[in-house]
Amino acid sequence: RILHGAGVAGASPQFQAAGPAVEMAPRRSRVKKNGVYLSPLPQGWMEPDVKVLAGPYGNVTKVTMTTLSDGARGALIDYSSEAAAAAALGNLNGLSLVGARLSCAMQEELEPERPLLRFVLFLDELMASPQYTAAAHAARSSAVPRLDDREVFVSELPRGSRTEEGARTYLSGFGEVTEVFTILDPQLKATGKAYARFRSHMDALKAIRGIQAASGGQERASWSESERALAGVSGPYGLEVLRRISSDGARLHEIRQAAQLGALTLGGPGTGAAPTAGSSAEAGHVHFVIKAEHPNHVEHCRALLAAELAKVHEAYAKEVRGSLVLRGFPASWSEKGLKFVFAPFGGLASVALEEERPKQGESGAAVRVGYIKLRNEGAMEKAVSNLHQTKVGDGDLVEECVVACQHWHLRGWSDGSTLVGVFIDELVEGSRRPLDNQPGAEDRELFVQNLPLSDMNRQQLQEYFEGFGEVEDLHLITKNFSEEPTGDGYVRFKSHRDAVRCIEALTPSIPAQADPTDLTGSWSESERVLQRKANCYRFNLIAELVGADGSGLQRIKADAKLKGIWVMAESLQQKDRHAPPLSGRQLQIVGRVADEAHAKGFKEILQRTLESMHGKISSRIEKRRRKAEAAAAADKTDGAAAAGVAPRSSAPAAGAQAPAWSAAVGS
């Protein structure tokens, strides 16, 4: 086929280049149905000769003589009808002329000019597509945000708040807003969608909860998928989201072809894309720049991209959540090497390898990360204990190296540090409390252990405790690294009397014969601590724990090698805006540990601290008891003197023995 108007000597250009304001789609070639190309022609032939040869098949409207690179002559012949061109093709192709065999082919021409429309599709908009599956939505919901995530995507602003200024005013009602970017459609009209960055994680969380509450529970605000994707392996998914979607550009190329797009590029910070014609705020969020001839092509592209994002979220649930995270192993390690390392722990159920790339502005090579799931989940603790910061490999089949092995942490920060929360009742056993630990008249909360969670769900547990009286709150404590229930929790009754009935039922009549797995209960130490000096100890444990000007907490922070520490409860006002979200209303000490190995030491330090405080309480209770006995003895002496009875001498008469009570008081 010969392209009419391109690369043929003597042909004139078919169009002028478009101006800078309008971008035109690349012009594709198509068959020119009323034109044929005939060659090679005898030397010296001119247009009249060609018309005589081509005329019998129809009305010839135009003949253009051409000379090919090898010097052969040819002619572009236009007919007035497609039927005439088809007849010429059938009769002239292969015809012998002056000792040469003619070749006749249909001409090709460039399609008419078509303007390309520019569309910008943000990553967070993909989740509204039908191709984003329910399974992917569930997986995304299970990914707990990093505790330094601060960006929120709002899918539907109130109608009066869809300008940038209006959105900022509306969102500032939930917390301090530092940046707002409202999304516009191709006609530059407000879509009602926006990104908002808050001063702190807690402010962003308040906004999400507040917007959902105001919309009757509909998910009109969520954590920014753009922020999560840009965090890469450090983010809540532990995956290089953008690399998985784009396959380093290969998958985007496939999508561009499938959706018949003029162009498809990935934009946003750290994506490596050149700045586009959009605003600077647009460039601050992950987006796709689409150039298409028709909006239908854009919708096709959206569906394909949404399916890719769904795959990433489903991969998180399948490969990352609940896994062991292995770092520090060399590139020479294959799955075979990982099988060798984890063989002593029951073998592998699955392995997923990911490359952690340097963050924007950082240099260095990518680091390999392995997500390991064991066949025997019960061996995970042993694997972490034995492998973390340990030299592994045989030096032959498996290269030796020192690896880091930790649990996948649901609650943590993007720098790899993780949150460890310890409820105060997890630190104390009933026998370690002060001897005089009778409950106060206002005590209504119990700490319960060995909850039968394998046999009862939360609703059934609630109904069980309601058998003793009205329950105000039931809180199940979860593990720090997996959020699975520990089997311990708190139950708060509406009245002290109901709590007494419950604890009597949970207290074995013969403690020595009790089964250690039986459901047990004790009075909540959290409740007592939060009562301050009004508790049955008449001792402010919070003031003792925190210390003057926070010195107590700073000492714990230094000893436990923490990056942060907070004392938290629903009734305590939290002044630190960067504190993590509260988990339960009861008192808990929360630490930010740089390494999972520090978590055990943190809990041990808290244990010793609480034992010391309980020792002080016992000492003060004893002093109060002695003081009360002394006061009672003094009152008795004063009463006897008032009645005219001579007081008994504290010194015995000559030769008499001192009474026992006197010796006791003087001891």
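In this text the structure is predicted, and so the values were computed from the model without any measurement. Along the sequence shown, residues carry numbers from 1.
- For the atom pair CD of Glu629 and CZ of Arg626, the computed distance is 8.5 Å after rounding to the nearest 0.5 Å.
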Worksheet item: Hey, mind stepping through Asp549 and Gln554 against side-chain hydrogen bond (donor to acceptor under 3.5 Å, both in side chains) and telling me if it holds?
Response: CA-CA 9 Å; Asp549 300 324; Gln554 290 304 315; over 6 Å; no
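- Note on Arg228 versus Glu151: no salt bridge recorded, every NZ/NE/NH1/NH2 to OD/OE distance being 4.0 Å or above.
- Here Gln607 contributes atom CD and Phe602 contributes atom CZ; the two are 12.5 Å apart, rounded to the nearest 0.5 Å.
- With no hydrogens or angles considered, a side-chain donor-acceptor pair links Glu219 and His137 at under 3.5 Å.
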Item to complete: Would you please test Val177 and Arg197 for side-chain contact (heavy atoms from CB on, under 4.5 Å) and show each step?
Response: CA-CA 6 Å; Val177 178; Arg197 181 171 288 273; over 6 Å; no
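- Between the CZ atom of Arg620 and the NZ atom of Lys616 there is a distance of 7.5 Å, given to the nearest 0.5 Å.
- Closest of all the heavy-atom pairs between Leu453 and Pro485 is CD1-CB, 3.3 Å.
- By the 4.5 Å heavy-atom criterion applied to side chains, Thr486 and Thr478 are not counted as neighbours.
- A parallel orientation is assigned to the rings of Phe481 and His407, their planes being inclined by less than 30° (bins at 30° and 60°).
- For Asp515 and Thr517, the side-chain atoms include at least one donor-acceptor pair closer than 3.5 Å.
- Under the 6.0 Å distance and 45° angle rule, Arg321 does not count as a cation-pi partner of Trp408.
- A parallel orientation is assigned to the rings of His201 and Trp223, their planes being inclined by less than 30° (bins at 30° and 60°).
- For an aromatic pair to be called close, the ring centres must be under 6.0 Å apart, and Trp566 with His578 fails this.
- For Ser526 and Asp425, the side-chain atoms include no donor-acceptor pair closer than 3.5 Å.
- In this structure, Glu442 places its CD atom where only 12 or fewer heavy-atom neighbours from other residues, nucleotides or ligands lie under 6.0 Å away.
- Two residues are said to be in side-chain contact when any heavy atoms from C-beta on lie closer than 4.5 Å; Val448 and Tyr490 fail this criterion.
- More than 12 non-hydrogen atoms from other residues, nucleotides or ligands lie less than 6.0 angstrom from CG of Asn457.
- Close placement of the His475 and Phe423 rings is indicated, their centers lying within 6.0 Å of each other.
- Listed here is the closest heavy atom pair of Ala167 and Leu157: CB-CD1, 3.8 Å.
- Between the side chain of Ser385 and the backbone N or O of Glu381 there is no donor-acceptor pair closer than 3.5 Å.
- Atom CZ of Arg625 has more than 12 neighbouring heavy atoms from other residues, nucleotides or ligands inside a 6.0 Å radius.
- Between the NZ atom in Lys382 and the CG atom in Leu387 there is a gap of 10.5 Å [rounded to 0.5 Å].
- Asp443 places a side-chain N or O within 3.5 Å of a backbone atom of Gly440 that can act as its donor or acceptor partner.
- The number of heavy-atom neighbours closer than 6.0 Å to CZ of Arg577, taken from other residues, nucleotides and ligands shown, is above 12.
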Worksheet item: Which is it for Tyr537 and Glu525 under the side-chain contact (heavy atoms from CB on, under 4.5 Å) test, yes or no, and what are the steps along the way?
Response: CA-CA 11 Å; Tyr537 303 141; Glu525 191 74 1; 3.0 Å; yes
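- A donor atom on one side chain and an acceptor atom on the other are not found under 3.5 Å apart for Glu319 and Tyr237.
- Crowding of Lys600 atom NZ: a count of heavy atoms from other residues, nucleotides or ligands under 6.0 Å not exceeding 12.
- Two residues are said to be in side-chain contact when any heavy atoms from C-beta on lie closer than 4.5 Å; Gln588 and Ile424 fail this criterion.
- Classified by interplanar angle (parallel below 30°, tilted 30° to 60°, perpendicular above 60°), the ring pair Tyr170/Phe174 is perpendicular.
- Donor-acceptor pairing under 3.5 Å is lacking for the side chains of Glu527 and Asn535.
- Separating the CG atom in Asp498 from the CD atom in Glu466 is a distance of 11.0 Å, to the nearest 0.5 Å.
- Contact detail for Gly489 and Leu451: the closest heavy-atom pair is N-CD1, 4.1 Å.
- Side-chain atoms of His285 and Glu227 form no donor-acceptor pair, as typed in the model, at a separation below 3.5 Å.
- For Asn450 (side chain) and Asp518 (main-chain N/O), a donor-acceptor pair under 3.5 Å exists by modelled atom type.
- The residues Arg150 and Asp203 are annotated as not salt-bridged, no charged nitrogen and carboxylate oxygen being separated by less than 4.0 angstrom.
- Taking 4.5 Å as the limit, some side-chain heavy atom of Val369 sits within range of a side-chain heavy atom of Val325.
- Here the shortest heavy-atom pairing between Pro236 and Tyr316 reads O-CE1, 3.5 Å.
- Remark: the Arg220 side chain and the Ser155 side chain contain no N/O donor-acceptor pair separated by less than 3.5 Å.
- For the atom pair CG of Leu461 and CE of Met456, the computed distance is 4.5 Å after rounding to the nearest 0.5 Å.
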Fill in: Derivation of the salt bridge (Lys or Arg N to Asp or Glu O under 4.0 Å) call for Asp559 and Arg608
CA-CA 12 Å; Asp559 292 346; Arg608 293 195 296 269; over 6 Å; no
Practice prompt. Starting from the C-alpha separation in whole Å, work towards a yes-or-no answer on side-chain contact (heavy atoms from CB on, under 4.5 Å) for Asp148 and Ser414.
Written response: CA-CA 7 Å; Asp148 45 3; Ser414 58; 2.6 Å; yes
Worksheet item: Does the pair Lys563 and Lys557 meet the rule for a side-chain contact (heavy atoms from CB on, under 4.5 Å), with working shown?
Response: CA-CA 7 Å; Lys563 302 183 75 172; Lys557 178 181 176 182; 5.8 Å; no
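- Residues Phe345 and Asn376 have side chains not in contact (no heavy-atom distance under 4.5 Å, counting atoms from C-beta outward).
- The minimum heavy-atom distance linking Val593 with Val420 is given by the pair CG2-CG2, 3.7 Å.
- Between Ile211 and Leu171, some side-chain heavy-atom pair lies under the 4.5 Å cut-off.
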Fill in: salt bridge (Lys or Arg N to Asp or Glu O under 4.0 Å) evaluation trace for Arg146 with Asp149
CA-CA 5 Å; Arg146 289 297 180 233; Asp149 287 355; over 6 Å; no
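- The backbone N or O of Gly412 sits nowhere less than 3.5 Å from a side-chain atom of Ser417 that would complete a donor-acceptor pair.
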Practice prompt. Before giving the answer on side-chain hydrogen bond (donor to acceptor under 3.5 Å, both in side chains), spell out for Glu596 and His409 the whole-Å C-alpha distance, their side-chain angles and the decisive distance to 0.1 Å.
Written response: CA-CA 9 Å; Glu596 184 180 323; His409 299 152; 2.8 Å; yes
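- The side-chain heavy atoms of Ser323 and Ile372, taken from C-beta on, include no pair separated by under 4.5 Å.
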Discussion item. For a salt bridge (Lys or Arg N to Asp or Glu O under 4.0 Å) check, start with the C-alpha distance between Lys193 and Asp124, then their side-chain angles and the critical distance, and finish with the verdict.
Written reply: CA-CA 10 Å; Lys193 303 171 186 175; Asp124 287 82; over 6 Å; no
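- Within 6.0 Å of atom CZ in Arg497, 12 or fewer heavy atoms from other residues, nucleotides or ligands are found, so the atom counts as exposed in its surroundings.
- Here the shortest heavy-atom pairing between Ala229 and Leu123 reads CB-CD2, 3.7 Å.
- Taking the side chain as every heavy atom from C-beta outward, Val233 and Leu239 never approach each other to under 4.5 Å.
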